[in-house]
Amino acid sequence: MADRSRTCVHPQSPPKVVRLCPANLLPKWRKARAPNRQPRKPSALPAPRYLQPMLDLSVADVLSRKEAVVGQRVRLKGWVRTRRDSKAGISFVLLSDGSCFDTVQAVAPAALPNYTSEVLRLTAGCAVEIEGQAVASQGKGQSVEVQADVVRVVGWVEDPDSYPIQPKPHSFEYLREVAHLRPRTNTFGAIGRVRHCLAMAVHRFFHERGFFWIHTPIITGSDCEGAGQMFRVSTLDLANMPRTPQGTIDFSQDFFGRETHLTVSGQLNVETWCMALSKVYTFGPTFRAENSNTSRHLAEFWMIEPEIAFADLAQDAQLAEDLLKFMFRALLEERADDMRFFADRIDKQCITRLEHLISSPFERMDYTDGIRHLEAASSKGKRFDFPLSWGTDLQSEHERYLTEELVGRPVILMNYPKDIKAFYMRMNEDGRTVAAMDILAPGIGEIVGGSQREERLDMLDRRLDEMRLDKHTYSWYRDLRRYGTVPHAGFGLGFERAIVYATGMNNIRDVIPFPRTPKSCEF
RNA sequence: UCCCCUAUAGCUCAAUGGUAGAGCGGGCGGCUGUUAACCGCCAGGUUGCUGGUUCGAGUCCAGCUGGGGGAGCCA
């Protein structure tokens with residue numbers, strides 16, 4: 001015994017280093033001590049020094065290592081989800097610390113000194129530390145529970161009646177209005193862990209394949225990165241703007257001495273590093289000031305943009321397919337608990353959809369063939385609101401037909417007409433299409449957009465002229481074609497759209513911690 | 001930005017132009033190794049904002065603001 005009392009267990013140590021103690025010890029000293037205890041303020045409850053080492057564990061630790069934990073004294077810290085009382089003299093407290101989807105049930109006996117004064121007043125959201133013995137549960141619904149001998153209230157909920165997160169289903173629209181508290185719900189806890197899992201999978205995928213993560217700038221000096229409105233970055237006094245003699249705003253007096261914006265894409269910058277490190281990617285926030293009010297758009301979102309040298313469109317498409325499969329495989333393996341929840345409560349198909357995606361090759365289809373399929377469907381009676389013709393961009397209804405009805409899973413659409421795509425995309429032999437690809441996903445639409453880049457300076461210049469873009473603005477981009485140019489390709493993957501696809505959540509504002517959308521930036 | 005819908009208790013929703021209701025959550029009590037527990041009682045409201053029609057507006061009309069669905073832009 002004395003030996004054990006000196007066994008100091010570091011909070012982060014794995015439980016296997018701790019020796020087991022006979023389970024029948026616990027009730028004895030608990031009964032012996034409880035009657036003599038005077039009720040105290042909870043936060044002042046001392047940590048009892050028992051004969052057994054204390055394990056500081058997360059809920060995930062307890063639930064994932066049941067056998068190793070049963071019989072141990074443990075200390076858990078977290079927030080109360082629910083409390084149920086039994087007049088048999090015990091209360092059941094469900095504790096969550098966010099380390100996994102499930103909660104641990106703590107059984108608090110009436111003999112606790114602060115039972116009536118505090119335990120019976122616990123409500124959803126209270127922060128507590130619970131110490132006790134992990135035991136095999138007598139009840140249904142959990143295999144391990146904690147027989148608490150200390151319940152210490154760390155933080156009360158000041159007005160349980162109006163606490164915004166009640167133990168009941170809430171609408172996502174409502175939870176968006178309390179975005180600072182919604183991580184405490186089942187759904188958003190799961191979203192947070194899924195986000196992390198997928199982000200780590202992205203980095204692992206590229207790292208294992210010899211890619212380098214390039215930190216492309218957030219602030220950009222070129223306002224021509226791509227289509228779309230940009231957010232201005234300025235330290236000028238809005239109420240008193242400096243003017244040039246011509247009357248325009250004098251950006252030479254601004255912080256950077258020129259007009260600057262938040263980036264809408266890291267692509268042009270990462271291409272420069274691709275031309276030296278061969279395989280690179282960016283993964284960071286991007287900003288679009290478009291007035292887009294849909295369930296698929298955010299003003300601030302995260303994008304993954306790989307760029308590969310000595311590569312063509314086919315290799316680019318294969319990379320995108322491999323990345324998506326890697327991410328979703330990791331998700332199913334590492335966050336089975338959260339995905340089970342999404343399948344139960346959000347989207348019954350989400351797990352089988354991912355399993356199907358992982359196990360079958362993506363459909364590849366030329367834009368021209370896509371148009372043919374759509375025309376064939378139309379002639380068979382399929383109704384489209386918008387007309388079809390080669391050379392126009394596909395409407396949402398067209399994309400939806402291809403990916404949802406015709407193919408039933410993601411489809412890679414390739415080789416688009418040049419006039420509907422960006423200047424940097426490589427001209428094909430036919431002179432009328434470019435080596436572009438979009439991956440369309442059911443329920444999402446475009447999840448990936450990419451292309452082989454135009455590496456031939458004369459062709460690039462011709463495109464710049466056609467689109468009436470200023471060559472000076474792109475001088476450094478053109479330099480890449482002057483000095484050791486090589487064929488290269490890349491794509492952009494919308495991180496939140498990937499999460500929407502994986503979880504079946506139907507609004508992109510609910511898969512990012514703090515959504516920024518037009519007229520909405522409260523938190 | 002355009003079209004359609006919508007705003008009532010802490011939350012989810014009821015209420016023919018005529019006294020503001022329920023369920024859940026909260027408080028109190030009962031019962032129970034409970035599992036979205038169950039039973040009883042109690043508290044809880046400037047019906048989003050501004051104006052209008054009417055004897056009378058939660059309800060009808062106009063404007064504004066927020067939210068949702070769809071479209072465009074895109075990832």
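Proteins get letters first, then strands, A, B, ... in listed order; numbering begins at 1 in each.
- Whole-Å rounding puts the A:L413 CG to B:C74 C1' distance at 16 Å.
- Protein atom CD of A:E397 is 9 Å distant from nucleotide atom P of B:A71, rounded to whole Å.
- Among the protein residues, A:I304 comes within range of no part of the nucleic acid, since none of its heavy atoms lies under 4.0 Å from any strand.
- The residue A:S171 sits close only to the backbone: its heavy atoms come under 4.0 Å of sugar-phosphate atoms, none of a base.
- Ring geometry, A:Y477 versus A:Y474: the interplanar angle exceeds 60°, so the pair is classed perpendicular (tilted spans 30 to 60°).
- Out of B:G33, B:G69, B:C11, the shortest distance to the side chain of A:H170 is found at B:C11.
- Between the side chain of A:D337 and the backbone N or O of A:F101, at least one donor-acceptor pair lies under 3.5 Å.
- Residue A:F301 and nucleotide B:A75 are classified as a stacked aromatic pair, their ring centres being separated by less than 5.5 Å at an interplanar angle below 30°.
- Taking the side-chain hydrogen bond (donor to acceptor under 3.5 Å, both in side chains) definition, one finds that A:K77 meets it with nothing, sequence neighbours left out.
- Distance A:L122 CG to B:U34 P: 20 Å, rounded to the nearest Å.
- Between A:H203 and A:W213, the ring planes lie tilted relative to each other; the angle falls in the 30° to 60° range.
- B:G58 and B:G23 have their P atoms separated by 24 Å, given to the nearest Å.
- Distances were taken from every side-chain heavy atom of A:Q166 (C-beta onward) to each of B:C73, B:G26, B:G10; the shortest belongs to B:G10.
- Atom-to-atom, CZ of A:F386 to P of B:A71 comes out at 9 Å; the value is rounded to the nearest Å.
- Of the candidate nucleotides B:G26, B:G33, B:A71, B:A71 has the atom nearest to the side chain of A:Q395.
- Of the candidate nucleotides B:A71, B:A75, B:U12, B:U12 has the atom nearest to the side chain of A:K168.
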Protein-proximity profile, nucleotides 40-46 of chain B, B/S/- by nucleotide at the 4.0 Å heavy-atom cutoff, equals -------

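- Of the C1' atoms belonging to B:C41 and B:U35, the separation is 25 Å, rounded to the nearest Å.
- Using cut-offs of 30° and 60° for the angle between ring planes, the A:Y501 and A:F328 rings count as tilted.
- Contact annotation for A:F92: base contact, defined as any heavy-atom pair under 4.0 Å involving a base atom.
- Remark: the separation of the C1' atoms in B:G27 and B:C64 is 39 Å, to the nearest Å.
- We find that CZ of A:R509 is positioned 19 Å from P of B:A75, with the value rounded to whole Å.
- Look at the C1' atom in both B:U46 and B:C24: the space between them is 25 Å, to the nearest Å.
- Rounded to a whole angstrom, the distance from the P atom of B:A22 to that of B:U34 is 31 Å.
- Across the interface with RNA chain B, nearest-nucleotide mapping of A:T82 and A:A299 shows A:T82 to be the residue nearer the 5′ end.
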With 3.5 Å as the limit, what N/O pairs link the protein to nucleotides 1-4 of chain B?
unit_1 : atom_1 : unit_2 : atom_2 : d
B:U1   : OP1    : A:N291 : ND2    : 2.6
B:U1   : O4     : A:N291 : O      : 3.3
B:U1   : O4     : A:N293 : N      : 3.4
B:U1   : O4     : A:N293 : ND2    : 2.7

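- An OP1 or OP2 oxygen of B:G70 is reached within less than 4.0 angstrom by no side-chain nitrogen or oxygen of A:R400.
- Residues satisfying the side-chain hydrogen bond (donor to acceptor under 3.5 Å, both in side chains) test with A:N186, not counting sequence neighbours, are A:R81.
- Residue contacts shown for A:I90 include a base, since a base heavy atom lies under 4.0 Å away.
- Residue A:Q147 places a side-chain atom within donor-acceptor reach of the base of B:G33, judged by atom type and a 3.5 Å distance cut-off alone.
- With rounding to whole Å, A:M437 atom CE is found 15 Å from B:C74 atom C1'.
- Sequence neighbours left out, not one pair with a member in residues 104-113 of chain A passes salt bridge (charged side-chain N to carboxylate O under 4.0 Å, His left out).
- Judged by distance alone, the side chain of A:Y424 and the main-chain N or O of A:L268 form no donor-acceptor pair under 3.5 Å.
- Residues from residues 101-108 of chain A with heavy atoms under 4.0 angstrom of RNA chain B, sorted by number: A:Q105, A:V107.
- If you take atom C1' in B:C11 and the same atom in B:G67, they sit 16 Å apart, rounded to whole Å.
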Can you give the dot-bracket line for RNA chain B, where a pair is Watson-Crick or G-U wobble with both atom distances under 3.5 Å, crossing pairs use [ ], and | marks a partner on another strand?
(((((((..((((....[..)))).(((((.......))))).....(((((..]....))))))))))))....

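- Distance, A:Y163 OH to B:C11 C1': 13 Å, rounded to whole Å.
- At the heavy-atom level, A:E145 lies under 4.0 Å from base atoms of the strands shown.
- By the side-chain hydrogen bond (donor to acceptor under 3.5 Å, both in side chains) test, A:E321 is found to be paired with A:K325, A:R364, residues two or more places apart in sequence or in another chain being considered.
- No contact: A:D385 has no heavy atom under 4.0 Å from any strand.
- Among pairs with a residue in residues 493-502 of chain A, those fulfilling salt bridge (charged side-chain N to carboxylate O under 4.0 Å, His left out) read A:R195-A:E496, at least two apart in sequence or across chains.
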Using residues 119-126 of chain A as the side-chain source, report each donor-acceptor pair under 3.5 Å to any protein atom, sequence neighbours left out, with the distance given to one decimal.
unit_1 : atom_1 : unit_2 : atom_2 : d
A:R121 : NE     : A:S117 : O      : 3.4
A:R121 : NH1    : A:S117 : O      : 3.4

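- B:C49 and B:U6 have their C1' atoms separated by 16 Å, given to the nearest Å.
- Rounded to a whole Å, the CG atom of A:L394 is 14 Å from the P atom of B:A75.
- For A:K66, the side-chain contact (heavy atoms from CB on, under 4.5 Å) test picks out A:S143, A:V144, with sequence neighbours left out.
- Ion pairing of A:R453 with A:E307 is present here, as a side-chain N (NZ or NE/NH1/NH2) and a carboxylate O approach within less than 4.0 Å.
- By the 30° and 60° cut-offs, the orientation of the rings of A:F206 relative to A:F211 is tilted.
- A close approach under 4.0 Å does not occur between any side-chain nitrogen or oxygen of A:R288 and OP1 or OP2 of B:C74.
- Judged by atom type and distance alone, A:H297 reaches the base of B:C74 through a side-chain donor-acceptor pair under 3.5 Å.
- By the 30° and 60° cut-offs, the orientation of the rings of A:F172 relative to A:F188 is perpendicular.
- Among B:U35, B:G70, B:G25, the nucleotide with an atom closest to any side-chain atom of A:R84 is B:U35.
- Where A:D85 and A:P169 meet RNA chain B, the nucleotide closest to each residue was compared, and A:P169 sits on the side nearer the 5' end.
- Applying the side-chain hydrogen bond (donor to acceptor under 3.5 Å, both in side chains) test to A:R400 and every residue at least two apart in sequence or in another chain returns nothing.
- The pair A:D344-A:R340 does not meet the salt-bridge criterion, since no charged nitrogen lies less than 4.0 angstrom from a carboxylate oxygen.
- A distance of about 14 Å separates the C1' atoms of B:C13 and B:A20, rounded to the whole Å.
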